[in-house]
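Here the structure is laid out as structure tokens; the discussion comes afterwards.
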Amino acid sequence: MGEMKKNGVSLEGERVILVPYMEEHVPKYHQWMKDPALLQATGSEPLTLDQEYQMQQSWTQDPKKQTFIVLDKELVEGKFIHGNSGVEAMVGDVNLYMNDLDDSLLAEIEIMIAEFKSRGKGLGKESVLMMMAFAVKNLGIHTFRVKIGDSNEGSLSLFKKLGFEETSYSEIFKEVTLELKVTKSKHEELLDVFGRIVTYD
């Protein structure tokens, strides 16, 4: 456990489809990352388009990262076919990092709904739940962690609703760390979520 299998799996929920981050997604992703507010919210540095392509490659190959592009099902043209990039329906991404040296089953999670018109529709919440369900089912994750800027009230509220609790605050980075322990009941709840997801691989 603990190593991510790099097979291009797609997950379909009620409102979103999570697809692997593909080369076709990079130009639109690069456009998003020109927005200073998104750079700040995600703690990212602006990259050139070439660097963004390199980043996409490294993310796809890194066994300690899992990343999905979030598609808004309402924007998908025609029936979703696995292997399709769904660029027209791209609204954000959800990521999982397993970089904790002391605990290989602790994963940090990140969500970004970049398209303004797709915010407030519950897409972020569903994407996070689907990613957590995927991580519990496939990777045996037992603790999820999230780091959020203290001014990002939308994200803080989302993760608290999902049961995350504040564990620390960084004055320097003005950042709140929240964690969720996967208890037996939470484990069952997430497996139940996974059972309702359509998986394509």
Side-chain angles (χ1 to χ4, degrees), residues 1-21 40-44 55 58-70 92-113 122-197 199 201:
M1 279 293 182
E3 290 290 301
M4 311 239 182
K5 279 210 314 290
K6 286 295 168 186
N7 54 359
V9 70
S10 296
L11 307 173
E12 181 173 352
E14 273 178 58
R15 299 190 182 109
V16 300
I17 301 170
L18 304 183
V19 298
Y21 186 21
Q40 187 189 357
T42 55
S44 306
M55 188 72 92
S58 74
W59 279 45
T60 317
Q61 290 156 9
D62 189 333
K64 295 199 176 296
K65 284 182 185 160
Q66 179 72 47
T67 188
F68 288 109
I69 292 291
V70 178
D93 68 342
V94 60
N95 304 304
L96 203 66
Y97 305 96
M98 298 162 66
N99 294 333
D100 193 289
L101 298 176
D102 302 322
D103 187 347
S104 65
L105 298 180
L106 182 149
E108 192 172 322
I109 196 163
E110 276 183 357
I111 178 73
M112 173 181 77
I113 301 297
L123 305 185
K125 180 181 179 187
E126 187 180 29
S127 301
V128 168
L129 270 173
M130 285 167 64
M131 177 64 105
M132 287 167 61
F134 175 84
V136 164
K137 172 84 176 145
N138 293 291
L139 307 166
I141 297 300
H142 64 59
T143 306
F144 291 100
R145 176 182 290 158
V146 64
K147 293 179 180 176
I148 303 169
D150 61 7
S151 59
N152 190 343
E153 286 167 20
S155 268
L156 286 168
S157 152
L158 164 65
F159 282 98
K160 284 176 178 170
K161 278 184 193 147
L162 290 172
F164 281 69
E165 293 178 358
E166 190 172 327
T167 54
S168 64
Y169 176 71
S170 163
E171 270 298 340
I172 300 167
F173 296 110
K174 299 279 182 258
E175 195 173 63
V176 185
T177 299
L178 302 101
E179 284 187 4
L180 175 82
K181 300 264 185 244
V182 182
T183 57
K184 190 168 183 296
S185 63
K186 182 55 78 176
H187 190 261
E188 284 164 11
E189 185 188 315
L190 288 169
L191 288 182
D192 187 48
V193 168
F194 193 81
R196 295 195 298 274
I197 294 171
T199 307
D201 49 23

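In this structure, the separation between CE on Met130 and CZ on Phe194 is 9.0 Å, given to the nearest 0.5 Å. Note that the CG atom of Asp103 and the CD1 atom of Ile141 stand 8.0 Å from one another [nearest 0.5 Å]. The distance from the NE2 atom of His187 to the CG atom of Leu191 is 4.5 Å, given to the nearest 0.5 Å. Atom CD of Glu126 is separated from atom CD1 of Ile17 by 10.0 Å, given to the nearest 0.5 angstrom. In this structure, Thr199 OG1 and Leu18 CG are separated by 10.0 Å, a value rounded to the nearest 0.5 Å. To the nearest 0.5 Å, the span separating CG on Leu139 from CG on Leu96 amounts to 6.5 Å.
For the pair Leu129 and Leu190, the minimum side-chain heavy-atom distance is below 4.5 Å. The shortest distance between side-chain heavy atoms of Thr42 and Glu110 does not fall below 4.5 Å. Between Trp59 and Met55 the shortest side-chain heavy-atom distance falls below 4.5 Å. For the pair Asn138 and Val9, the minimum side-chain heavy-atom distance is 4.5 Å or more.
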When the side chains of residues 149-168 are checked against the rest of the protein, which donor-acceptor pairs come out under 3.5 Å, sequence neighbours left out?
{"unit_1": "Asp150", "atom_1": "OD2", "unit_2": "Tyr169", "atom_2": "OH", "d": "2.6"}
{"unit_1": "Asn152", "atom_1": "OD1", "unit_2": "Ser155", "atom_2": "N", "d": "3.2"}
{"unit_1": "Thr167", "atom_1": "OG1", "unit_2": "Thr177", "atom_2": "O", "d": "3.2"}

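The nearest pair of heavy atoms linking Val94 to Val70 is N-CG2, 4.1 Å.
When the side-chain hydrogen bond (donor to acceptor under 3.5 Å, both in side chains) test is applied to Asp192, the partners found at least two apart in sequence or on another chain are Arg196.
In this structure, Lys137 contributes its side chain and Phe134 its backbone to no donor-acceptor pair below 3.5 Å.
Residue pairs meeting the ring-ring contact (aromatic ring centres under 6.0 Å, His included) criterion with at least one partner in residues 137-157, sequence neighbours excluded, do not occur; the list is empty.
Atom NZ of Lys186 is surrounded by more than 12 heavy atoms from other residues, nucleotides or ligands within 6.0 Å.
Using a 4.0 Å cut-off between charged nitrogen and carboxylate oxygen, Glu108 and Arg145 do not count as a salt-bridge pair.
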